[in-house]
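Below is one structure, written out as structure tokens, with a few remarks after it.
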Amino acid sequence: MMNKKGKFSLSALPREILAIALFLIYMIPFAIVLINSAKPRLEIIVDPLAIPTNPELWENIVRVWSHPRVQYASSFFSSVVITAVSVCLLVLIASMAAWVLVRTKTKLSSAIFMIFVAAMVIPFQVVMFPLINWFFRIEQFLGLSARTPFRLLGDYPGIIFAYLGFGSSLSIFLFHGFTKSVPLELEEAAIIDGCSRPATFFKIVFPLLTPIAVTVIILNGIWIWNDFLLPFLLLMGGNVQTLPLAVQSFVGAFVRQWELILTSTLMAMVPIIVMFLFLQKYIVKGMVEGSVKG
């Protein structure tokens, strides 16, 4: 336990021990998933905490990936498309909306911003059934059927549109706080040089929003990638399913394929963990600056 001067500090010892203990506690579920992903079903049932005697991780991965009923590869592709498109649109739309709300000094803009902030505290469970009902009514009004491409229920447009709605409040809140730190003089100079408002935003303002944009990408990316309830409600019955739905498909009414459940869970965790490790340094920085600047 060294301080900034490189000397041993006994006062920091309790904090170091607590940090190590918390790390071990949080890593226990991941370790259990990793260990049991390399076991056959019988070994998992007999002793889930034992080290596998004959690791079968690769065999389980092949079984999950090539399972004819679950179609894990297709689910992986769907999760990538839904997460990537939703996050990109959230960053683009939320950053532009926050910029307009910050630069427009009116009571209306303040009221709109407060509505977005208030929407952050509304539980999803309150609006999930009205959301499905409205999607169903819109499809009926537009005459969309099961054979129609790009439906609201059971296809990509509906789930992406829903994520835009539920993710915009926090994203606009973070961008709003960070945009206040962008000097207005830079925009005025760009306008004097002949830049239009869209060009001023994309050439001057948006590059300065990179730290908070990365934070928004991480927070929404982890949420959308791991979300189960919204895809379950909007995609069931369609040809599109995400990874959480694919993992749930291994759970039957009478048979639970634990080796495939845990292996598919591990496979779903790896991409988002890799993204988090590469971008984690922006999370705290972006959230703190986006919440208090200005």
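Atoms considered below: every heavy atom in the structure, side chains included; atoms not considered: hydrogens, waters and symmetry mates. Here the structure is a predicted model, which means the values were calculated and not measured.
The two atoms that bring L245 and P231 nearest to each other are CD1-O, 3.8 Å, heavy atoms only. For the pair L229 and M128, the tightest heavy-atom approach, listed with the atom from each and the gap, is CD2-SD, 4.0 Å. Closest approach of V64 to M267, counting heavy atoms only: CG1-SD, 3.9 Å.
Looking at S79, its side chain never comes within 3.5 Å of a backbone N or O of F76 through a donor-acceptor pair. Judged purely by atom type and a 3.5 angstrom limit, Y72 uses its side chain to pair as donor or acceptor with the backbone of S264. Looking only at distances, a side-chain donor or acceptor of W225 sits under 3.5 Å from a matching main-chain atom of A268. A donor-acceptor contact shorter than 3.5 Å links the side chain of N220 to the backbone of V216. Within the 3.5 Å criterion, the main-chain N or O of G165 finds a donor-acceptor partner in the side chain of S168. With N36 contributing its side chain and I44 its backbone, the two residues share no donor-acceptor pair below 3.5 Å. Side chain of S181 to main chain of G177: no donor-acceptor pair is present (N/O by atom type, distance under 3.5 Å, no hydrogens or angles). Listed for the T104 side chain is no donor-acceptor partner under 3.5 Å among the backbone atoms of L101.
Hydrophobic cluster membership differs between I32 and W258, with clusters built from Ile, Leu, Val, Met, Phe, Trp and Tyr side chains linked at under 4.5 angstrom. Under the 4.5 Å side-chain heavy-atom criterion for grouping Ile, Leu, Val, Met, Phe, Trp and Tyr, V270 is connected to V247 within one hydrophobic cluster. If you chain together hydrophobic residues whose side chains sit under 4.5 Å apart, W134 and L233 never meet in one group. By the rule that hydrophobic residues join a cluster once side-chain heavy atoms approach within less than 4.5 Å of another member, I273 and I35 end up as members of separate clusters. Under the 4.5 Å side-chain heavy-atom criterion for Ile, Leu, Val, Met, Phe, Trp and Tyr, V274 and I61 are members of the same hydrophobic cluster.
Side-chain N/O atoms of E259 and S37 include no donor and acceptor closer than 3.5 Å. For the residue pair Y156/S78, the side-chain donor-acceptor check at 3.5 Å is satisfied. Side chains of D227 and Y163: a donor-acceptor N/O pair is present below 3.5 angstrom, by distance only.
Residues L235 and I82 meet the side-chain proximity criterion, which asks for heavy atoms closer than 4.5 Å. Residues D193 and C195 fail the side-chain proximity criterion, which asks for heavy atoms closer than 4.5 Å. For the pair V102 and F113, the minimum side-chain heavy-atom distance is 4.5 Å or more. You'll find the side chain of V126 reaches within 4.5 Å of the side chain of P123, heavy atoms only. T215 is listed as a side-chain neighbour of I212, based on a closest heavy-atom distance under 4.5 Å. Taking 4.5 Å as the limit, some side-chain heavy atom of L219 sits within range of a side-chain heavy atom of L174. Proximity of F116 to H176: side-chain heavy atoms (C-beta onward) are nowhere separated by under 4.5 Å. By the 4.5 Å heavy-atom criterion applied to side chains, F202 and L92 are counted as neighbours.
Take D47 and apply the side chain to side chain contact (heavy atoms under 4.5 Å, CB included) test, not counting sequence neighbours, and it matches L49, A50. Scanning for side chain to side chain contact (heavy atoms under 4.5 Å, CB included) contacts around Q71 gives S74, with sequence neighbours left out. In this structure E187 satisfies the salt bridge (charged side-chain N to carboxylate O under 4.0 Å, His left out) test together with R103, sequence neighbours excluded. Under the rule for a ring pair (Phe, Tyr, Trp, His ring centres under 6.0 Å), the partners of F228 that lie at least two apart in sequence or sit in another chain are F232.
One finds the CD1 atom of I261 at 9.5 Å from the CD atom of Q248 (value rounded to the nearest 0.5 Å). One distance of note links CZ of F175 with CD1 of I93; it measures 11.5 Å at 0.5 Å rounding.
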Practice task
Give the C-alpha distance, both sets of side-chain angles, the deciding distance and a yes or no for side-chain contact (heavy atoms from CB on, under 4.5 Å) between T83 and T242.
Solution key: CA-CA 10 Å; T83 303; T242 58; over 6 Å; no
Practice task
List the steps, then state whether side-chain contact (heavy atoms from CB on, under 4.5 Å) holds for W99 with R197.
Solution key: CA-CA 11 Å; W99 178 61; R197 282 180 63 84; 3.9 Å; yes
Exercise for the section: Could you check I222 against M275 for side-chain contact (heavy atoms from CB on, under 4.5 Å), going step by step and ending with a plain yes or no? Expected result: CA-CA 9 Å; I222 294 175; M275 185 193 76; 4.3 Å; yes
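Listed by first and then second residue, the ring-ring contact (aromatic ring centres under 6.0 Å, His included) pairs that reach into residues 26-49 come to none, sequence neighbours excluded.
By the 30° and 60° cut-offs, the orientation of the rings of F201 relative to F206 is tilted.
Cluster partners of V46, using a side-chain heavy-atom cutoff of under 4.5 Å among ILVMFWY residues and allowing indirect links, are L42.
Enclosure of atom CZ in F124 by more than 12 non-hydrogen atoms of other residues, nucleotides or ligands within 6.0 angstrom is indicated.
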